[in-house]
K.L.:
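What follows is a single structure, and I will ask about it in a moment.
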Amino acid sequence: MPAEVEGGAVPASSRGSWTSFLKSIASFNGDLSSLTAPAFILSSQSLVEFSAYWTENTSLFIAPTQEPDPAQRALLVQKWLLNTLKQQYCSRSEKLGSEKKPLNPFLGELYLGHWDDEFGQTQLVSEQVSHHPPVTAYCITNDKHRIRLQGYNGQKASFSRTIHIKQIGHALLTLHPPNSDAVETYLITLPPLHIENLIYGAPFVEIGKVCHIVSSTGYISKIDFSGRGWLSGKKNSFSASLWKEGEGSDSKPLYSTEGQWSDSFTIKKGHGKKADVVTTFKPSDIKLSRLNIAPLEEQDVLESRRAWGQVAKAIAKGDMDETSHYKSRIENAQRALRRKEQEEKREWKRVFFSNVDSKDPNEAEFGKLVKMMMHPSVGASTWEGVAPDKTSGVWRFDDKKAAQARKPFHEDGLLALGEKEDGTSAPVSRVGTNLSQAPTPTSAHPHSPVEQAKLQG
Ligand code: HC3
């Protein structure tokens, strides 16, 4: 069947389940983790890994730290961000043929690694800081070049013709200009997305609306996204402008950039017909650095690849009974642990991140940037990037905690996964003190149709 007909990209044996999936998403409740997807669309990559997409282009990430001129620095930040979009939003569908359903990280799941290249070491820490609602926090630091990106994000989905996803949260980039101890901060907003091509069974992501970058140096970037069939008629189109607060505007910018973020774009000085081309740029020309992560046997039990190892193997084999069994083992152990924490009136300890209060003196700069972004001249008056009720707080990397963090990161690590030392299943009731509420041990029904039906990506 050609891919362009309804369900055409779906394997013949899965067409029925794809149709049921399409019917089910029309009425789902906004929590992406509750979507039950057919087996062929499940990915073995957890969402906690997605944080790495921000800086695989290390050369562009580091570039602003080498630039003495603040306007050029702000332009380099914009260029880096535009460049991350291909990795963040279409690398998976390019590689796998469609956007798969990632694994829902469990609370405390970690993804740790570092890029080692000519720019020194850039370290990545990504931690699932909330499960309901799901929120991932990350911090990426290059000490040699004194630059750090940190942020957190959750997603809120809705259905109207397709799946629409609002990203809740934000990113903060801090850096030092060359030979200076001054710190400058860039607040980056996260654009909304929608899923295209669902009906044909080969979904891909498109970015919508707007993304802003506001800086403590007064520079403002606005990126307007337009999908296929709008403005230029080309997919992943955008137009961006950069101006200085009080000295220009969105329509009278210092620099304007246009093109397709997944293909090529042109940066011009000024705007309109008289603007001079500064450079034309292709994200695919940029060398991406490979993230180094510890071998599985050296990983902490809560590190993503180690924790989901058996699920990933089962997905790769296409064995859905086994996938369901190992996924349920983690999910049931998590539920039992949450109950135990509730009974003991304690909370799961986050290893690297803490919740901050808006009154915290360290948050003053952030407060100023939020004000700047909400100013009518910038046009982000409806920004939802700080909504502690929707992200279980406002999350920041906690250097003190990080300095003390040692493997094993949690005493309850194996119990949190429902595992014993030898990798076999721990009886889940060991975790729950209230036996009447203890979930069914997952090992009891690894192949039951009920477990299969519950299978979620
Ligand atoms: C919506 C999404 C999960 C969230 C992903 C996020 C927003 C995560 C943070 C990253 O920085 C950027 C990012 C990129 C892609 C987003 C994913 C695309 C698809 C996935 C859905 C949960 C999958 C929906 C299922 C299906 C079968 C339609 O693909």
Side-chain angles (χ1 to χ4, degrees), residues 7 9-11 14 17-26 28-56 81 83-105 109 111 124 126-129 133-140 149-159 161-171 188-209 211 225 236 261-262 304 315 385 391 395 455-457:
V10 178
S14 303
S17 58
W18 186 247
T19 308
S20 315
F21 171 65
L22 292 183
K23 283 186 188 148
S24 73
I25 56 174
F28 85 110
N29 66 7
D31 177 358
L32 284 167
S33 59
S34 71
L35 268 185
T36 304
F40 81 94
I41 205 92
L42 296 184
S43 158
S44 56
Q45 189 189 19
S46 160
L47 255 187
V48 81
E49 289 195 22
F50 283 39
S51 309
Y53 293 128
W54 282 102
T55 59
E56 287 174 305
L81 183 76
N83 246 278
T84 67
L85 302 178
K86 184 174 161 68
Q87 289 313 108
Q88 299 243 29
Y89 300 107
C90 63
S91 60
R92 294 164 304 278
S93 43
E94 280 188 354
K95 210 165 71 191
L96 308 168
S98 70
E99 184 72 50
K100 308 268 183 202
K101 172 126 178 33
L103 293 165
N104 302 317
E109 185 175 330
Y111 189 58
L124 166 75
S126 180
E127 179 172 3
Q128 192 68 12
V129 288
V135 180
T136 310
Y138 52 87
C139 183
I140 301 172
L149 175 79
Q150 63 165 307
Y152 63 94
N153 55 273
Q155 294 89 34
K156 181 100 185 98
S158 60
F159 184 84
R161 197 190 61 83
T162 189
I163 306 177
H164 297 263
I165 296 134
K166 263 192 209 167
Q167 297 199 68
I168 306 172
H170 55 267
I188 302 167
T189 70
L190 310 172
L193 330 165
H194 56 270
I195 311 279
E196 286 291 324
N197 221 30
L198 259 181
I199 190 93
Y200 303 116
F204 63 85
V205 172
E206 221 167 74
I207 311 179
K209 300 197 179 154
C211 168
F225 296 101
N236 304 333
W261 51 261
S262 52
S304 189
I315 291 178
T391 49
W395 297 94
L455 185 66
Q456 292 169 0

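Counting convention: from 1, in listed order, for ligands and their atoms alike.
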K.L.:
Tell me, do Trp261 and Cys90 make a side-chain contact under 4.5 Å, heavy atoms counted?
P.N.:
yes
K.L.:
What residue and atom, counting heavy atoms only, is the protein's closest point to atom 22 (C) of ligand 1, and at what distance?
P.N.:
Leu32 CD1, 3.9 Å
K.L.:
Counting C-beta onward and ignoring hydrogens, is there a side-chain heavy-atom pair between Leu85 and Phe225 closer than 4.5 Å?
P.N.:
yes
K.L.:
Flag the pair His164 / Pro192 as yes when at least one side-chain heavy-atom distance between them is below 4.5 Å, and no otherwise.
P.N.:
no
K.L.:
Passes salt bridge (charged side-chain N to carboxylate O under 4.0 Å, His left out), Glu196 versus Arg161? Steps please.
P.N.:
CA-CA 10 Å; Glu196 286 291 324; Arg161 197 190 61 83; 3.5 Å; yes
K.L.:
With heavy atoms of Val205 as the reference, note each atom of ligand 1 found under 4.0 Å away.
P.N.:
18 (C)
K.L.:
Check each heavy atom of Tyr89 against ligand 1 and say whether those closer than 4.0 Å belong to the side chain, the backbone, both or neither.
P.N.:
side chain
K.L.:
Enter the distance from Ile165:CD1 to Asn153:CG here, rounded to the nearest 0.5 Å.
P.N.:
12.0 Å
K.L.:
Identify the protein heavy atom lying closest to atom 27 (C) of ligand 1, giving its residue, its atom name and the separation to 0.1 Å.
P.N.:
Ile41 CG1, 3.6 Å
K.L.:
Return yes or no for this condition: an N or O of Arg92 is under 3.5 Å from an N or O of ligand 1.
P.N.:
no
K.L.:
Give me the residue, atom name and distance of the protein heavy atom closest to atom 11 (O) of ligand 1.
P.N.:
Gln88 OE1, 2.6 Å
K.L.:
Distance under 4.0 Å to a non-hydrogen atom of Leu198: what atoms of ligand 1 satisfy this?
P.N.:
28 (C)
K.L.:
Taking C-beta and beyond as the side chain, do Trp18 and Lys23 meet within less than 4.5 Å on heavy atoms?
P.N.:
no
K.L.:
Give a yes or no on whether atom 24 (C) of ligand 1 lies under 4.0 Å from any heavy atom of the protein.
P.N.:
no
K.L.:
May I ask which of Thr162, Leu47, Asn104 has a heavy atom nearer to atom 3 (C) of ligand 1 than the others do?
P.N.:
Leu47
K.L.:
What are the atoms of ligand 1, with element, lying closer than 4.0 Å to any heavy atom of Gln167?
P.N.:
7 (C)
K.L.:
Which residue pairs pass the salt bridge (charged side-chain N to carboxylate O under 4.0 Å, His left out) test when at least one of the two sits in residues 38-50, sequence neighbours left out?
P.N.:
Glu49-Arg305
K.L.:
For atom 20 (C) of ligand 1, find the nearest protein heavy atom and state the residue, atom name and distance (0.1 Å precision).
P.N.:
Pro102 CD, 4.1 Å
K.L.:
Looking only at the side chains, is there a donor atom on one of Ser304 and Glu109 sitting less than 3.5 Å from an acceptor on the other?
P.N.:
yes
K.L.:
Which protein heavy atom lies closest to atom 16 (C) of ligand 1, and at what distance to 0.1 Å?
P.N.:
Leu193 CD1, 3.9 Å
K.L.:
Ligand 1 and Glu99, any nitrogen or oxygen pair closer than 3.5 angstrom?
P.N.:
yes
K.L.:
Counting from 1, what ligand 1 atoms have a heavy atom of Ile165 closer than 4.0 Å?
P.N.:
1 (C)
K.L.:
For Tyr89, what residues pass the ring pair (Phe, Tyr, Trp, His ring centres under 6.0 Å) criterion, not counting sequence neighbours?
P.N.:
none
K.L.:
Of all the non-hydrogen atoms in the protein, which one sits nearest to atom 8 (C) of ligand 1, and at what distance?
P.N.:
Gln155 NE2, 3.7 Å
K.L.:
Just checking, is any N or O donor in the side chain of Gln155 or Gln167 under 3.5 Å from an acceptor N or O on the other one?
P.N.:
no
K.L.:
Name the closest protein heavy atom to atom 9 (C) of ligand 1, giving the residue it belongs to and the distance to 0.1 Å.
P.N.:
Asn153 ND2, 3.4 Å
